[in-house]
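Structure first, commentary second.
Keep in mind the model is a prediction, meaning the values are calculated, not measured. Every chain is numbered from 1, with letters handed out A, B, ... down the list of sequences.
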There are 2 protein chains.
Amino acid sequence: MNQTELVVLAVLSVRPATGYAVREVVHGQLGAFWGESFGQIYPAISRLVADGSVQPVEGGRAGSARYALTAAGRARLLDGLAAPPVPQRPRDGTLLRLFFGDLLGPAACADLVRQVRDRAGERIAELAAARAEVEGELAAGEPRARYWLMTISAGEHTARAALAWCEETLAALAGEPPPAGPLGTIPR
Amino acid sequence: MNQTELVVLAVLSVRPATGYAVREVVHGQLGAFWGESFGQIYPAISRLVADGSVQPVEGGRAGSARYALTAAGRARLLDGLAAPPVPQRPRDGTLLRLFFGDLLGPAACADLVRQVRDRAGERIAELAAARAEVEGELAAGEPRARYWLMTISAGEHTARAALAWCEETLAALAGEPPPAGPLGTIPR
DNA sequence: CTAAGCATGTAAGATGTTACATGATTAT
DNA sequence: ATAATCATGTAACATCTTACATGCTTAG
């Protein structure tokens, strides 16, 4: 089972849904740490139907199909969740550019860092809103909300760390301008 | 130009190298935020030779070729670095499993978090060693070291944030055991 | 000599993105 | 009506991993 099939099974374990709705959940609820496109989700659902993990059920609008987990699908989901997470290949374009910052220059580097900072700021606001909502659901007696809060907290820690790093790095980029040799010093 | 070609050009901008040595640099110096396999690097070098960005030069052992940036390659490198970083699709298998933590159970979730914590701890140690080395190079007059330290600092902030989140999350997983209804309370 | 490390490359298959094509339903 | 949103799917292409096959060089 691949990662896309795993997340589709997980989403369908909550309630039956159309392919479109699965993607909505992935973007909305899991978007902070997971992404899928239609081009992956629809073929994944086809495979899951073919292997009996999932079956179409009533309840959608005409011309659309909602899918529900079968018992076999639930078993496969639990297997997949129990397997160790697949590590993701690291690929941070900002840090790559910063590592070769002497080619790009300090001003362009500062621009990149400011973009990271701004995105982290927006992210913190989004996560605060999500936290408020999920805390409400927890208070309303939704026991899974306690797990949802852990993932929100992960995002918050990460975003705050990014913010702190950005401030530190912007100071470093501004405070020690490139050794362009101020008049009076003799570069050698 | 794709991301692999960009990083190959960037590495070759430092000094000419074999494909094998490019990969060594990517793993060793950039490994904290970038990854490439031979299956990507060798074809990328072929394409860069074909389009004149890179050319074979003398200096390797027999049967191997070292490659150097051409003027055109340097121009393409600067273009590529100036382009906005390509955002990476998020895919955190640990957070996915935690989000659906009620399916996996609190004990398995705690195991996952402990693994993240242990990896973060190792990472902090590695980064401390890297920092010491790069600070030495900065003191020895290597001006690019100041950029290298910024990327090390990013790793440190991220790893410390991960550590803090893990401790918090382990406490949450242990402190509020699953609402299995202690004797005396009436679940409804 | 022989093992470890240096070095190159390809082929198959998995994975993932993007754009396109199509059409139903709902709200304004 | 008509625009926005819901909904499904495919085809082309790009990307990436993994395993395999091969052989040189250097240190012990």
Side-chain angles (χ1 to χ4, degrees), chain A residues 1-8 11-12 15-28 30-31 34-51 54 56-67 80 83-93 96, chain B residues 1-8 11-12 15-28 30-31 34-51 54 56-67 80 83-93 96:
Chain A
M1 190 200 329
N2 71 25
Q3 301 285 291
T4 300
E5 290 162 11
L6 177 63
V7 78
V8 168
V11 170
L12 293 181
R15 72 176 61 82
T18 63
Y20 187 91
V22 168
R23 201 244 188 179
E24 294 267 284
V25 171
V26 173
H27 272 228
L30 317 181
W34 202 272
E36 296 289 352
S37 65
F38 285 131
Q40 292 168 264
I41 287 177
Y42 283 116
I45 292 177
S46 299
R47 291 191 300 269
L48 292 170
V49 170
D51 80 2
V54 137
V57 294
E58 297 303 302
R61 49 160 85 169
S64 81
R66 291 167 78 239
Y67 297 94
V86 175
Q88 197 184 21
R89 176 174 34 68
R91 278 248 160 150
D92 187 318
L96 178 70
Chain B
M1 190 201 327
N2 70 27
Q3 302 285 292
T4 300
E5 289 162 13
L6 177 63
V7 77
V8 168
V11 169
L12 293 181
R15 74 175 61 83
T18 63
Y20 187 92
V22 168
R23 202 244 188 177
E24 294 267 284
V25 171
V26 172
H27 272 227
L30 317 181
W34 204 271
E36 296 289 353
S37 65
F38 285 132
Q40 292 167 264
I41 287 177
Y42 284 116
I45 292 176
S46 298
R47 291 191 300 269
L48 292 170
V49 170
D51 81 1
V54 137
V57 294
E58 297 302 304
R61 50 161 86 169
S64 80
R66 291 167 78 238
Y67 296 94
V86 175
Q88 196 185 21
R89 180 176 29 68
R91 279 247 158 150
D92 187 318
L96 178 70

Nearest-nucleotide wise, let me know which of G19(B) and N2(A) is further upstream toward the 5' end of DNA chain C.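 The residue mapped nearer the 5' terminus is G19(B).
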Nearest-nucleotide 5' precedence on DNA chain C, S46(B) against R47(A):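 Whichever sits nearer the 5' end wins; that is S46(B).
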Main-chain N/O of G93(B) paired with Q3(A) side-chain donor or acceptor, under 3.5 Å: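 No, because the side chain of Q3(A) does not come within donor-acceptor range (under 3.5 Å) of the backbone of G93(B).
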Side-chain donor or acceptor of R66(A) paired with backbone N/O of E58(A) under 3.5 Å: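 Yes: the side chain of R66(A) pairs with the backbone of E58(A).
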Answer with base, sugar-phosphate or nothing: what part of the nucleic acid does [X] contact at a heavy-atom distance below 4.0 Å?
X      : answer
R23(A) : nothing
A21(A) : nothing
R66(A) : nothing
S64(A) : sugar-phosphate
T4(A)  : sugar-phosphate
G39(A) : base
T18(B) : sugar-phosphate

When you measure from the side-chain N and O atoms of [X] to the phosphate of [N], is any distance below 4.0 Å, counting only OP1 and OP2?
X      : N       : result
S37(B) : dC16(D) : no
Q40(B) : dT15(D) : no
R91(A) : dT15(D) : no

What's the verdict on side-chain contact (heavy atoms from CB on, under 4.5 Å) for L12(A) and L48(A), showing C-alpha distance, side-chain angles and the deciding distance? CA-CA 11 Å; L12(A) 293 181; L48(A) 292 170; 5.6 Å; no
Could you walk me through whether R91(B) and E36(A) pass side-chain contact (heavy atoms from CB on, under 4.5 Å), step by step? CA-CA 9 Å; R91(B) 279 247 158 150; E36(A) 296 289 352; 2.3 Å; yes
d([atom1], [X]; [atom2], [N]) in whole Å:
X      : N       : atom1 : atom2 : result
Q88(A) : dT15(D) : CD    : C1'   : 14 Å
W34(B) : dT15(D) : CH2   : P     : 12 Å
E36(B) : dA14(D) : CD    : P     : 17 Å
I41(A) : dC6(D)  : CD1   : P     : 14 Å
Y20(B) : dG23(D) : OH    : C1'   : 14 Å
I45(A) : dT10(D) : CD1   : P     : 12 Å
F38(A) : dT5(D)  : CZ    : P     : 13 Å
R89(A) : dC16(D) : CZ    : C1'   : 6 Å

Can you give me the first and the last nucleotide of DNA chain C (5' to 3') that has an atom within less than 4.0 angstrom of a non-hydrogen atom in chain B?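 Listed 5' to 3', the contact boundaries are dG5(C) to dT17(C).
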So V8(A) and V54(A), do their side chains get closer than 4.5 Å, heavy atoms only?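 No - every pair of side-chain heavy atoms lies 4.5 Å or more apart.
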Are any of the side-chain heavy atoms of Y67(B) and P56(B) separated by less than 4.5 Å?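 Side-chain contact under 4.5 Å: yes.
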If you apply the rule side-chain contact (heavy atoms from CB on, under 4.5 Å), what do you find for N2(B) with R47(B), and how did you get there? CA-CA 11 Å; N2(B) 70 27; R47(B) 291 191 300 269; 3.2 Å; yes
Tell me whether the count of non-hydrogen atoms from other residues, nucleotides or ligands lying under 6.0 Å of CZ in R89(A) goes above 12.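 Atom CZ in R89(A) is crowded, with more than 12 foreign heavy atoms closer than 6.0 Å.
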